Amino acid sequence: MGIAEVALHTMPGAFAAHSPASNLPLIAGARGRRKRSTNSLPNSRALHGPVKFPGLRSVECQCQRIDDLARVTEGNGTWVKDAVDKASHALGDVRVPGQAVGGNGSLNGSTVKPPPQRQKVSSVEDEAWDLLRESVVYYCGSPVGTIAANDPNDSNPMNYDQVFIRDFIPSGIAFLLKGEYEIVRNFILHTLQLQSWEKTMDCHSPGQGLMPASFKVRTIPLDGDEDATEEVLDPDFGEAAIGRVAPVDSGLWWIILLRAYGKCSGDLSVQERIDVQTGIKMILKLCLADGFDMFPTLLVTDGSCMIDRRMGIHGHPLEIQALFYSALLCAREMLTPEDGSADLIRALNNRLIALSFHIREYYWVDMQKLNEIYRYKTEEYSYDAVNKFNIYPDQISPWLVEWIPPKGGYFIGNLQPAHMDFRFFSLGNLWSIVSSLATTHQSHAILDLIESKWSDLVAEMPLKICYPALENQEWRIITGSDPKNTPWSYHNGGSWPTLLWQLTVASIKMNRPEIAAKALEVVEKRIAIDKWPEYYDTKRARFIGKQARLYQTWSIAGYLVAKQLLEKPDIARILWNDEDSEILNALSTNRKRGKKVLKKTFIV
Ligand code: GLC
């Protein structure tokens with residue numbers, strides 16, 4: 001990465017001590033243009049008033065700069081930029097006529113749009129749109145995201161009053177499909193600024209490309225002016241999150257949304273910006289960095305994705321692998337060719353091939369494969385062992401013997417030496433279809449399994465986050481006796497309405513939209529009556545989750561995305577990746593070669 005790129009990508013106030021950009025002069029005049037606001041907030045939900053934050057690390061409110069930076073040109077170490085007054089138009093240049101979001105303009109000191117007097121709504125869909133708009137978070141008057149949950153009766157929202165990167169994805173897509181692009185564009189550019197944050201936990205800094213799990217817009221007193229306040233973006237990279245979990249999925253989702261934004265709006269100028277290109281490369285570099293791994297899958301700690309608590313998914317969880325594969329493909333499509341990135345593209349291509357081979361071969365189970373595992377020989381010392389990971393057949397749990405249908409299959413949750421996690425994880429399997437990590441045959445088989453296990457996976461509310469739940473001793477050991485993750489609750493076999501949107505994209509891609517339509521019907525029966533819960537409990541998803549938030553934004557947005565996609569299935573293309581012929585060729589060559597060299601194995 002050249003110095004220019006680093007500097008363009010790094011915000012003042014956010015300079016890492018080791019960043020080469022920290023020696024470069026900043027753009028002048030930014031403080032003068034900073035947005036000021038008075039302390040009187042129009043709405044008590046609007047981030048609960050100004051607070052003092054000792055030692056707060058924050059990006060000052062300077063929305064205009066996001067676009068100014070794109071116009072910055074390099075000239076002997078200093079930055080030249082367009083006239084300041086042009087900047088006031090920034091961030092508004094992709095607004096489409098009739099756009100509703102952000103139309104209210106600035107709400108001084110307020111980040112969540114005050115709820116309009118709710119009119120009589122005509123349908124679940126209308127109510128969902130009203131709620132989604134009410135959840136919009138503003139920064140300096142521009143919409144930048146959606147709050148995770150927006151329940152006016154919740155007196156202790158914890159961090160659910162923040163904009164989560166992963167939670168915003170269905171919100172962003174719902175807005176894109178509605179032709180409202182501004183909020184997505186702002187979200188992409190503002191979270192990009194946060195990527196370069198100097199982040200530390202107990203003196204340790206994670207990699208530079210890490211995207212935060214969430215961020216909050218705070219209103220704080222302006223230095224040296226008692227009567228004025230300013231808005232700042234305050235990210236959480238996991239250093240405040242429960243369990244201090246690393247949000248590995250954030251950057252991957254960011255890349256996926258960036259591509260969807262370009263495809264849907266036709267505005268490729270965002271992905272072509274130097275700072276955005278740098279952001280993509282930083283995420284890739286972090287993911288593709290060499291380590292001790294023997295596998296092409298991404299090695300992560302427990303709780304580094306949607307399941308952000310200890311659930312025994314450390315290692316190589318499927319969800320991360322599917323998002324990783326998808327993000328690699330999306331990034332490859334968006335990276336502008338330049339000499340400096342040839343090595344990165346080569347590494348990316350190699351990883352794509354190795355990753356798809358690894359997942360398709362070793363994560364796949366169906367009736368036939370299970371039978372093979374059941375008869376595995378163990379302790380094979382050789383280069384071409386059949387049981388490469390030394391899986392002991394006793395690991396096949398009794399539930400699975402009964403559960404695996406004669407038609408259908410799925411990718412297991414995780415693979416480690418001597419360990420296959422046979423739990424079915426919905427998001428990882430669905431995103432494997434969407435990203436074409438699964439072959440066409442496997443994709444259909446996953447959908448066959450969902451259909452044949454409908455009463456386990458959908459029942460009274462789609463969709464089980466994973467199946468089955470960990471119970472008794474397993475629950476005690478694997479979750480650490482987590483009272484939130486008791487069997488058939490929350491991450492441990494709870495049902496999450498937001499997963500409907502991923503199910504919809506996957507079933508439309510495989511030309512089987514009736515599956516999603518059937519699930520949507522189930523959702524519509526009760527989700528609005530139940531006040532849009534975050535998740536449901538019990539084996540058949542009969543109860544609203546014990547600790548589920550109400551008016552959970554991604555439950556609302558997930559429903560809206562499913563609804564819109566089923567009306568216009570063609571648009572789902574903005575989200576999926578077609579099977580890549582180069583990868584396919586490389587895999588079939590690999591297999592042919594593999595057959596030739598197959599040698600005798602040794603049982604030690
Ligand atoms: C919970 C979920 C996580 C989500 C967050 C905000 O922690 O596990 O996936 O992002 O809530 O809704």
Side-chain angles (χ1 to χ4, degrees), residues 112 131-132 135-137 145-151 154 156-174 187 191 210-216 235-254 256-257 300-314 317-320 322-323 425-428 430-431 463-466 469 479 482-486 488-502 531-537 544-559:
V112 179
L131 291 168
L132 184 62
S135 74
V136 170
V137 171
T146 50
I147 191 174
N150 199 14
D151 179 1
D154 188 352
N156 181 21
M158 309 260 283
N159 53 352
Y160 283 84
D161 63 356
Q162 305 206 4
V163 180
F164 277 74
I165 308 305
R166 71 174 76 83
D167 293 41
F168 181 73
I169 306 304
S171 298
I173 295 163
F187 170 87
T191 45
L210 188 70
M211 282 278 183
S214 60
F215 67 87
K216 183 165 176 143
D236 179 5
F237 290 91
E239 73 273 33
I242 296 166
R244 304 293 186 261
V245 281
V248 179
D249 61 340
S250 291
L252 307 173
W253 276 122
W254 182 86
I256 293 166
L257 184 67
V300 298
T301 54
D302 215 343
S304 56
C305 52
M306 177 184 181
I307 295 179
D308 54 359
R309 285 170 92 85
R310 180 174 161 191
M311 262 293 286
I313 59 164
H314 51 278
L318 179 66
E319 176 179 331
I320 289 289
L323 292 175
F425 287 85
S426 297
L427 179 47
L430 293 174
W431 212 259
L463 191 64
K464 278 262 173 292
I465 194 165
C466 68
T479 73
D482 184 348
K484 198 165 178 184
N485 272 336
T486 50
W488 307 107
S489 180
Y490 199 45
H491 300 138
N492 188 12
S495 300
W496 292 65
T498 189
L499 293 170
L500 175 68
W501 79 267
Q502 286 104 342
K531 302 192 180 131
W532 307 90
E534 179 188 13
Y535 65 94
Y536 285 78
D537 283 358
I544 295 171
K546 238 184 314 187
Q547 295 186 42
R549 305 281 150 171
L550 301 179
Y551 300 104
Q552 178 81 16
T553 304
W554 68 354
S555 300
I556 297 163
Y559 162 77

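Just so it is clear, the values below take in all heavy atoms, side chains as well, and ignore hydrogens, waters and symmetry mates. Just so it is clear, the model here is predicted, and its values are computed rather than measured. Counting starts at 1 for both ligands and their atoms, in listed order.
Atoms of ligand 1 lying under 4.0 Å from at least one heavy atom of Met306, given by number and element, are 2 (C), 3 (C), 8 (O), 9 (O). If you number the atoms of ligand 1 from 1 as listed, the ones under 4.0 Å from a heavy atom of Gln552 come out as 12 (O). Every atom of ligand 1 with a heavy atom of Tyr490 under 4.0 Å away is listed here by number and element: 1 (C), 2 (C), 7 (O), 8 (O).
Taking the six-membered ring wherever Trp is involved, the centroid distance between the rings of Trp532 and Tyr551 does not fall below 6.0 Å. Between Phe164 and Trp554, the distance separating the two ring centers is not shorter than 6.0 angstrom.
For the ligand labelled ligand 1, residue His491 lies inside the 4.0 Å heavy-atom shell. Under a 4.0 angstrom heavy-atom cut-off, Glu534 registers as being in contact with ligand 1.
Protein heavy atom at the shortest distance from atom 5 (C) of ligand 1 is Phe164 CE2, 3.9 Å. Among protein heavy atoms, the minimum distance from atom 11 (O) of ligand 1 is reached at Tyr160 OH, 3.3 Å. Protein heavy atom in closest approach to atom 7 (O) of ligand 1: Asp308 OD2, 2.8 Å. The nearest heavy-atom contact from the protein to atom 4 (C) of ligand 1 is Asp167 OD1, 3.4 Å.
For the side-chain contact (heavy atoms from CB on, under 4.5 Å) with Phe168, the lone residue among Ile173, Ile147, Val137, Leu257 that qualifies is Leu257. Among the candidates Asp167, Asp151, Asn150, the single residue satisfying the side-chain contact (heavy atoms from CB on, under 4.5 Å) test with Gln552 is Asp167. For the side-chain contact (heavy atoms from CB on, under 4.5 Å) with Tyr490, the lone residue among Gln547, Met311, Glu534 that qualifies is Glu534.
The structure places OG of Ser555 at 9.0 Å from CG of Leu499, a figure rounded to the nearest 0.5 Å.
Proximity of Arg549 to ligand 1, defined as any heavy-atom pair under 4.0 Å, is not found for any part of the residue.
Ser171 places no side-chain N or O within donor-acceptor distance of the main-chain N or O of Ala557, the cut-off being under 3.5 Å.
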